[in-house]
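Have a look at the structure below, then the notes.
Here is how names work: the chains are called A, B, and so on, in the same order as the sequence lines, proteins then strands, and each is numbered from 1. As a basis for the values below, the full set of heavy atoms in this structure was taken, side chains included, without hydrogen atoms, waters or symmetry mates.
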Amino acid sequence: MHRTHYADQIDAQIIGQSVKIAGWVHRRRDHGGIIFLDIRDRTGLVQVVVEPSTKDLFEQADHLRPEYVVALAGLVQKRPPGMVNPELRSGEVEILPNSLEILAEAKVPPFSVSDGETVDELLRMKYRYIDLRRQPLFKNFELRDRVIWSIREYFHKHHFIDVETPQLARSTPEGARDFLVPSRVQPGSFYALPQSPQIFKQLLMVAGFDRYYQIAKVFRDEDLRADRQPEFTQVDVEMAFVDQEDVLRSMEAMVVQVFHEAMGIALAPFPRLTWDQALERYGSDKPDLCAGEPLVNVSPIAQSKKLPVLGSSEMVAGVVLRRLSPSRKVLDELVAEAKELGAGGLVWMVRGQDGLRTNLKALGESGLELLAKAAALAQGDALLLVAGDKARTLAVAGQLRLAAARKFGQMESGWRFLWVTDFPLFEWSEDEQRITSAHHPFTMPKIDNWQQLAEDPLSLRSQAYDLVLNGVELASGSVRIHRPDWQRQVFMVLGLEPSEIEQKFGFMLDAFQYGAPPHAGIAFGIDRLIMLMAGAKSLREVIAFPKTARGIDPLMDAPSQVDAKQLRDLGLRLDGPAL
RNA sequence: GGAGGCGUGGUGUAGACGGCCUAACACGCAUGCCUGUCACGCAUGAGAUCACGGGUUCGAAUCCCGUCGCCUCCGCCA
């Protein structure tokens, strides 16, 4: 072994001991007559002093450069009085070496490991192994490890069984675009990389596994975002003989444990909203509770009092700004922002020292007072009103609420979890001109009898639920359909032909005929959770080797072209601009 | 597919009003000096087709057009 101690184990406790350490040269401070080396390993730094009396060592130390890999043995000694560095965990001591071995030399790195300077992200990704040496990035992976460890511990403790499911699966309709893998053995056929282990885990329930979890890599061939990578990791869970309440409770307990164990944070119980409530109050199905109070629905007042302009709208939703006394200029900016978000306009009112100011005088004294009262406007408060059809108005008001909170620096910090339940079962796809599943086609409807399903499918709610943290969707799940006849009915509503159902889902319906227990599950986007816990702005900060916004891995230079023989083996011929 | 931002030595930035740019500053790098530093200090030096291509102009890092790359957002993401 090259090492007996890590840097963070070198401290005043072991003064006088001989130790061996190994790591990278972080910095060298050469005073001519004496050389200081900061040796770095993943735990931190330790200072090494090389004195000219040890001539060989001194000459070697003279040759060292940043990022050289070294191993050295020496004596831990107390630093001279006044020379303590309180910034370092090992700052009370230093190592006086008696041997020093250069294990590897290093080119000057393309960017500094030690200075913490912001570096172009493409360069960081190309030299990811160097970026990962930098403390801020490495810390994210320590956190990630603690989180994953805690998750596994929770599931193991609660009798869940970790099962791996195939990465080479079949393409299924619905959902995101699949990554396809051509089969050599079956020319002309393709596997699909899983968008989730959904069907497999349901089959495991049929198999009687009862409680399953997996930390699973999943793949979606869609455009990337700061919080979306083409491959990412899910904590995938499924439980048999449970209802929605059981899943929510168990998963909430899991998240509470993770925050406690990985970060020492005690979370409050998670509030819950139905999907309808979330939309009505926050204009979003993933409300950010950090962004101040809910929207105010003043439609009833506007309509019953037949207020000018607003009274004829289906929905009038208000964003309340407390104690900001916004200036005319700021209000004009908000009007512009609202229009950018898709509002026809924005009505504002501010309660100043001498009454209510507004950009819609037609409301009159009494109209203004009514609205101001509904929003409980005190002096300095402002109310921003968006009006129009319900869906659009709520969406715009919801975004305006977030934009305003950010603009005025009123985003609270904290961990504001929220369960959103009772999602719609279906939605109408304008694109495809057909009904699609809001969650996925295996979701149990919230209905009293199955006659309802075909009557007005778009009005139905489902036993589906999301976990939201600070406005970010963290997990999504549902109670599943476990009866083949019910499942068939849902497929029919989705417009699948019976032959198509047999071909694409026959195996699943078949399985359900052999005794399928009622079951429910959920999947967490674990990268997103860790991103939020780490305070990072992008998933790339918590994934070791991520891809750029255009799906490129600049380190390996993937994806790449392949040679003709590979294509021939697969029975593929390229067509189009790639050639 | 669409919109916006950015691209200047190895790194981070300044320069953007066209001529003061023969491109500046900090860090890094090289060489030398220095026995208590910890972002060591001091001195000297090397290092840039100003992303690429075209245009306007007597003259372009700077203005215009196009291309490429990175980032953000919309679409897309059951």
Base-pairing assignment for [N] (Watson-Crick or G-U wobble, both under 3.5 Å):
N     : result
B:G69 : B:C6
B:C38 : none
B:A43 : B:U31
B:A48 : none
B:A24 : B:U13

- Message: Which residues pass the ring-ring contact (aromatic ring centres under 6.0 Å, His included) test with A:Trp450, not counting sequence neighbours?
- Response: A:Trp486

Quick one: do [X] and [Y] make a salt bridge, cutoff under 4.0 Å?
X        : Y        : value
A:Glu231 : A:Arg220 : no
A:Asp38  : A:Arg29  : yes
A:Glu541 : A:Arg124 : yes
A:Arg480 : A:Glu238 : yes
A:Arg89  : A:Asp11  : no
A:Arg228 : A:Asp223 : no
A:Asp131 : A:Arg134 : yes
A:Arg40  : A:Glu67  : yes
A:Glu473 : A:Lys286 : no
A:Arg488 : A:Glu502 : yes

Mind checking the [atom1] distance from [N] to [M]? Whole angstroms is fine.
N     : M     : atom1 : answer
B:U62 : B:U57 : C1'   : 13 Å
B:G53 : B:C58 : P     : 23 Å
B:A60 : B:C20 : C1'   : 15 Å
B:G15 : B:G7  : C1'   : 15 Å
B:C29 : B:C21 : C1'   : 24 Å
B:C50 : B:C63 : C1'   : 16 Å
B:A51 : B:G5  : C1'   : 16 Å
B:C27 : B:U44 : P     : 14 Å

Heavy atoms under 4.0 Å, any strand shown: does [X] hit a base, just sugar-phosphate, or nothing?
X        : value
A:Thr436 : nothing
A:Pro80  : base
A:Glu51  : base
A:Ile35  : nothing
A:Glu473 : nothing
A:Ser196 : base

- Query: With the sugar-phosphate defined as primed atoms, P, OP1 and OP2, and the base as all remaining atoms, what B/S/- string results for nucleotides 66-71 of chain B, 5' to 3', for protein heavy atoms under 4.0 Å?
  - Reply: ---SSS

- Per-nucleotide protein contact string for nucleotides 25-33 of chain B (B base, S sugar-phosphate only, - none; heavy atom under 4.0 Å): --S-SSS--

- Could you work out which one of B:C77, B:U11, B:G36 sits closest to the side chain of A:Arg79? B:G36

- Picking from B:U11, B:C40, B:G36, which would you name as closest to the side chain of A:Arg29? B:C40

- Item | Whether A:Phe36 stacks on the six-membered ring of B:U37 base, 5.5 Å and 30° limits | yes

- Item | Whether A:His31 stacks on the six-membered ring of B:C34 base, 5.5 Å and 30° limits | no

- Walking RNA chain B from its 5' end, the first of A:Asp38 and A:Pro52 to be reached, judged by nearest nucleotide, is A:Pro52

- 5′-ward residue of the pair A:Val119/A:Ala438 relative to RNA chain B: A:Val119

- Query: Which pairs, with at least one residue in residues 27-57 of chain A and sequence neighbours excluded, count as a ring pair (Phe, Tyr, Trp, His ring centres under 6.0 Å)?
  - Reply: A:His31-A:Phe36

Nucleotide [N], atom [atom2] - distance to [atom1] of [X] in whole Å:
X        : N     : atom1 : atom2 : value
A:Asp62  : B:U35 : CG    : P     : 13 Å
A:Arg228 : B:C76 : CZ    : P     : 10 Å
A:Leu45  : B:A39 : CG    : P     : 10 Å
A:Leu341 : B:G75 : CG    : P     : 12 Å
A:Asp221 : B:G1  : CG    : C1'   : 15 Å
A:Arg225 : B:G75 : CZ    : P     : 7 Å
A:Gln77  : B:U37 : CD    : C1'   : 14 Å
A:Arg406 : B:U72 : CZ    : P     : 15 Å

- Message: For a quick test of reading the model: is some side-chain N or O of A:Arg27 closer than 4.0 Å to OP1 or OP2 of B:A39?
- Response: no

- Check: A:Tyr465 ring centroid to A:Phe423 ring centroid under 6.0 Å: no

- Message: Using a strict heavy-atom distance below 4.0 Å, which residues from residues 389-403 of chain A are in contact with RNA chain B?
- Response: none

- Assign the ring pair A:Phe512 / A:His519 to parallel, tilted or perpendicular, where the plane angle (0 to 90°) is split at 30° and 60°. perpendicular

- Check: B:G75 base within 3.5 Å donor-acceptor of A:Glu222 side chain: no

- Taken in chain and number order and not counting sequence neighbours, the residues that satisfy salt bridge (charged side-chain N to carboxylate O under 4.0 Å, His left out) with A:Arg528 are A:Asp227

